Protein chains: 2
Amino acid sequence: MVKRLSLGEENCPVARALDVIGDWWSLLIIRDIFDGLHRFGEIQENLGVAKGVLAARLRNLSERGVLETAPASDGTAYSEYVLTKKGRGLFLVIVALRQWGEAYLYERGEKHSLLVETATNRKVAALQLMSSDGRELTCDKTSVQKLAK
Amino acid sequence: MVKRLSLGEENCPVARALDVIGDWWSLLIIRDIFDGLHRFGEIQENLGVAKGVLAARLRNLSERGVLETAPASDGTAYSEYVLTKKGRGLFLVIVALRQWGEAYLYERGEKHSLLVETATNRKVAALQLMSSDGRELTCDKTSVQKLAK
DNA sequence: TCATCCTAGTTCTATAATAAGACCAGATCG
DNA sequence: CGATCTGGTCTTATTATAGAACTAGGATGA
């Protein structure tokens, strides 16, 4: 590939975000950690990803501060991967992807997993974009202003 | 790579979504179209992506119903790329990525573009996850239920 | 304690994807 | 009608990935 282009210097936050987690596996790894998988082997088995690729991804995500290693919670000498605050900030990205997938990528009647509020076991609401004063916005009511702040 | 693994059959909506738009360029292309770039040349120049890669991505996104070609709005015989309803559904994914990028990937004082409500020119509000009855939820109050409905 | 299994990787090789640029046909412009 | 623009395709060098084999150190159990 002659070295994949880097987007880390862009002044578009979307490009920078994708520079960190926009590759083929990172968001799935992060989803798995949100879902309670913390050990290398658990994630590797769940995703079916090559171990070398998983090791490289985990290393990259650690270096970039999305996740970190911690001593295993089961008392053994192994370590496990947990999300940092920055990593937990990706929750809404994953929720948005999930809701888009649910809406457009399943046939009627086809089963899929569901994100629920743990306490009530009820499905969460659809994400909505709001204006600064609380009105609902659609994509055609917004625009991107270059180089602000 | 011995053929990249496909995630299209997964029953996790996040995985299916990433199967469609989880590669290195698709979301940036879609962002560009949201930002008003509709012609091949505009997108190619803005992203700096190889033309062959862009052509392949546009073809793939068309086949999957995320975007489609339409006659050029400037009257010439060329065509342009526009988002379908399914494609416009990705707006919140891009907003979520943008807000994460803004929050975690810029130094204090570093400039970046801004998403505003066009009519008022005011910054949009941060996305929030809500329960079915309108309470704010954080990631630790939710869980994924396998194989529902 | 020692043999064995498990865990979390690293290393290796083939094949696929990408970047970069040359090339090209048809549309457009002057 | 000649020059240039548009929207690609094709080619090549290089990188990334999948898949499998290998390994070192920890855990397990007899």
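Every chain is numbered from 1 and lettered A, B, ... according to where its sequence line falls, protein lines coming before strand lines. Because the structure is a prediction, the values reported are computed rather than measured. Side chains included, hydrogens not; waters and symmetry mates left out as well; all remaining heavy atoms used.
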Start at the 5' end of DNA chain C and walk down; is the nucleotide closest to A/Tyr78 or to A/Arg59 reached first?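 Nearer the 5' end of the strand: A/Tyr78.
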
Nearest whole angstrom, please: distance from the [atom2] of [N] to the [atom1] of [X].
X: A/Gln44; N: D/dA18; atom1: CD; atom2: P; answer: 11 Å
X: B/Trp24; N: C/dA20; atom1: CH2; atom2: P; answer: 13 Å
X: B/Asn60; N: C/dT18; atom1: CG; atom2: P; answer: 10 Å
X: B/Phe40; N: D/dT9; atom1: CZ; atom2: C1'; answer: 10 Å
X: B/Glu42; N: D/dC5; atom1: CD; atom2: P; answer: 16 Å
X: B/Glu80; N: D/dG7; atom1: CD; atom2: C1'; answer: 14 Å
X: B/His38; N: D/dT6; atom1: NE2; atom2: P; answer: 16 Å
X: B/Leu5; N: C/dA16; atom1: CG; atom2: C1'; answer: 12 Å

Nearest to the side chain of [X] - [options]?
X: B/Lys51; options: D/dG8, D/dG26, C/dG9; answer: D/dG8
X: A/Val53; options: C/dC23, D/dA27, D/dA18; answer: D/dA18
X: B/Arg57; options: D/dA16, C/dA8, C/dT18; answer: C/dT18
X: A/Ala50; options: C/dA19, D/dA18, C/dA8; answer: D/dA18

Count the heavy atoms belonging to other residues, nucleotides or ligands that lie under 6.0 Å from NZ of B/Lys141, then report whether that count exceeds 12.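 Result for NZ/B/Lys141: open.
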
Taking atom NZ as the centre, does A/Lys123 end up with more than 12 heavy-atom neighbours from other residues, nucleotides or ligands that are less than 6.0 angstrom away?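 It does not: A/Lys123 NZ has 12 such atoms or fewer within range.
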
Under a 4.0 Å N-O cut-off, is there an ion pair linking B/Arg59 with B/Glu63?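 No, this pair does not count.
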
If we ignore hydrogens and angles and just use 3.5 Å, is the side chain of B/Gln99 paired with the main-chain N or O of B/Leu127 as donor and acceptor?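 Yes, B/Gln99 side chain to B/Leu127 backbone: donor-acceptor pair under 3.5 Å.
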
Of A/Val49 and A/Ala77, whose closest DNA chain D nucleotide lies nearer the 5' terminus?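 Closer to the 5' end of DNA chain D: A/Val49.
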
Relative to the 5' end of DNA chain D, which residue comes earlier, A/Thr76 or B/Tyr81, by the nucleotide with the nearest heavy atom?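 So the residue in question is B/Tyr81.
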
Taking OP1 and OP2 of D/dT6, is either one under 4.0 Å from a side-chain nitrogen or oxygen of B/Arg39?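 Looking at the OP1 and OP2 atoms of D/dT6, neither is under 4.0 Å from any side-chain N or O of B/Arg39.
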
Residues B/Asp35, A/Lys146; criterion salt bridge (charged side-chain N to carboxylate O under 4.0 Å, His left out); working and verdict: CA-CA 11 Å; B/Asp35 290 355; A/Lys146 305 266 167 193; 5.1 Å; no

Hey, does B/Ala55 reach any base, or is it just sugar-phosphate, or nothing, if we go heavy atoms under 4.0 Å?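 If one applies the 4.0 Å heavy-atom cut-off, B/Ala55 turns out to touch the sugar-phosphate alone, with no base involved.
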
